[in-house]
Amino acid sequence: MLKGDKVILRAIERQDAERLHKWMNDPEVIRFMGMRFPISLLAEENWVAQEHDPKKELRLAIDTLEGRHIGSCGLGHIDPYTHSAELGVCIGDKEYWSQGYGTDALVTLCAFGFTQMNLHRISLRVFAENTRGIRCYEKVGFQHEGTLREDVYKNGRYHNLLVMGILVHEFAELWPQRWPED
């Protein structure tokens with residue numbers, strides 16, 4: 001378990017599948033995700049049960065400090081040669097939107113990635129219209145690196161994706177309280 005100021009990040013368990021299924025079928029939750037089709041509970045259960053290589057992908061549940069499961073996050077495309085990874089996050093429980101839980105989950109995940117996984121760079125892609133998400137990423141320290149023009153087709157039109165990233169030394173400077181002492 002990884003403990004932040006507001007969240008605990010933990011392994012995703014089988015009992016999480018029903019909540020994940022509900023969130024992944026909520027149009028408001030997946031509005032800024034690449035998902036286009038309804039997902040079955042069986043497919044979600046299979047995804048949760050699927051073995052994955054933690055050297056290539058880290059999938060975590062986001063819980064409040066009181067133990068309520070409110071979302072998920074992770075690192076994918078982990079590259080041992082470039083020491084880089086791509087971040088993803090979803091606060092599926094809308095009661096917890098815009099209250100700092102996503103920011104704390106990202107800071108906690110990035111701190112783990114940089115200090116325990118020896119990552120040098122963490123990047124993400126975000127819909128250009130996702131202003132709430134972009135604000136969160138900027139708060140954590142992610143910088144705009146480019147635009148993938150009309151990269152995703154969803155809801156009848158093409159959307160631009162912004163590429164954002166943060167380097168280990170940038171994170172350490174912004175979040176010294178999350179950095180281990182020598």
Side-chain angles (χ1 to χ4, degrees), residues 1-10 12 20 23-24 26 28-35 57-79 82-149 151-152 154 159-181:
M1 277 192 294
L2 310 174
K3 189 172 183 296
D5 294 333
K6 298 183 87 163
V7 300
I8 292 173
L9 306 183
R10 60 166 176 81
I12 293 175
L20 292 166
W23 297 333
M24 293 303 106
D26 182 330
E28 199 174 2
V29 172
I30 64 167
R31 177 177 173 206
F32 295 120
M33 296 171 74
M35 301 180 73
E57 177 183 37
L58 177 66
R59 300 188 276 186
L60 300 168
I62 302 170
D63 286 355
T64 63
L65 294 178
E66 297 75 34
R68 181 169 175 173
H69 180 210
I70 62 169
S72 61
C73 64
L75 296 170
H77 306 287
I78 299 169
D79 188 325
T82 61
H83 297 272
S84 64
E86 196 167 313
L87 181 142
V89 63
C90 173
I91 302 295
D93 190 329
K94 294 182 271 191
E95 288 182 40
Y96 290 85
W97 284 7
S98 300
Q99 296 181 45
Y101 290 92
T103 301
D104 189 49
L106 293 180
V107 171
T108 304
L109 181 58
C110 287
F112 180 79
F114 289 132
T115 66
Q116 302 303 313
M117 297 174 65
N118 193 27
L119 293 177
H120 177 73
R121 178 178 191 284
I122 298 175
S123 64
L124 59 88
R125 296 172 188 212
V126 58
F127 277 69
E129 310 93 76
N130 186 353
T131 54
R132 188 166 37 93
I134 293 166
R135 234 181 356 263
C136 173
Y137 303 136
E138 289 171 339
K139 243 190 287 184
V140 173
F142 282 84
Q143 296 182 26
H144 295 260
E145 297 180 336
T147 301
L148 302 173
R149 298 175 312 131
D151 192 60
V152 174
K154 186 171 181 178
H159 300 266
N160 291 343
L161 290 184
L162 303 181
V163 177
M164 300 178 77
I166 188 168
L167 303 175
V168 64
H169 62 86
E170 295 166 341
F171 184 85
E173 189 175 308
L174 283 168
W175 299 96
Q177 69 275 29
R178 298 290 185 103
W179 208 256
E181 295 182 25

Smallest separation among heavy atoms of His83 and Asn118, with atom names: ND1-O, 3.0 Å

Phe32 side chain reached by Ile134 side chain, heavy atoms, under 4.5 Å: no

Between Ala85 and Leu119, what is the shortest heavy-atom contact and its length? CB-CD1, 3.8 Å

Closest approach of Ile91 to Trp97 (non-hydrogen atoms, all atoms of both residues): O-NE1, 2.6 Å

Separation between CG of Leu20 and CZ of Arg59, rounded to the nearest 0.5 Å: 10.0 Å

Can you tell me if Glu173 has over 12 outside heavy atoms packed within less than 6.0 Å of its CD? no

Would you say that Val107 contacts Phe171 through its side chain, given a criterion of any heavy-atom pair below 4.5 Å between the two side chains? yes

Parallel under 30°, tilted from 30 to 60°, perpendicular over 60°: which one fits the rings of Trp179 and Phe114? tilted

Residues Arg68 and Asp93: closest non-hydrogen pair is NH2-OD2, 2.7 Å

Should Asp104 and Lys139 count as an ion pair when the cut-off is N to O under 4.0 Å? no

Is any side-chain heavy atom of Leu162 less than 4.5 Å from a side-chain heavy atom of Asn130? no

I'd like to know if Arg121 pairs up with Asp79 as an ion pair, taking the criterion as any Lys NZ or Arg NE/NH1/NH2 lying under 4.0 Å from an Asp or Glu carboxylate oxygen. no

Is there a side-chain contact between His120 and Thr82, using heavy atoms and a 4.5 Å cut-off? no

Residue pair Cys90 / Met24, side-chain heavy-atom distance below 4.5 Å: yes

Work out which heavy atom in Cys136 is nearest to a heavy atom in Leu106; give both atom names and the distance. SG-CD1, 3.6 Å

Return the OG to CG distance between Ser84 and Leu75, rounded to the nearest 0.5 Å. 10.5 Å

Return the CD1 to CG distance between Ile122 and Leu109, rounded to the nearest 0.5 Å. 6.0 Å

So for atom NE2, which belongs to His144, do other residues, nucleotides or ligands contribute more than 12 heavy atoms lying within a distance under 6.0 Å? yes

To the nearest 0.5 Å, atom CZ of Arg125 lies from atom OG1 of Thr147 at 12.0 Å

Minimal heavy-atom distance between Ile78 and Met117, with the atoms involved, is CD1-CE, 3.5 Å

Hey, what's the ring geometry for Tyr101 with Tyr96, parallel, tilted or perpendicular (30° and 60° as the breaks)? perpendicular

So, taking the atom named CG in Leu9 and the one named OG1 in Thr108, what distance separates them when rounded to the nearest 0.5 Å? 5.5 Å

Does atom CZ (Arg132) have a neighbourhood of more than 12 heavy atoms from anything else shown, all under 6.0 Å? yes

Roughly how far, to the nearest 0.5 Å, is CD of Glu66 from CD1 of Ile8? 8.5 Å

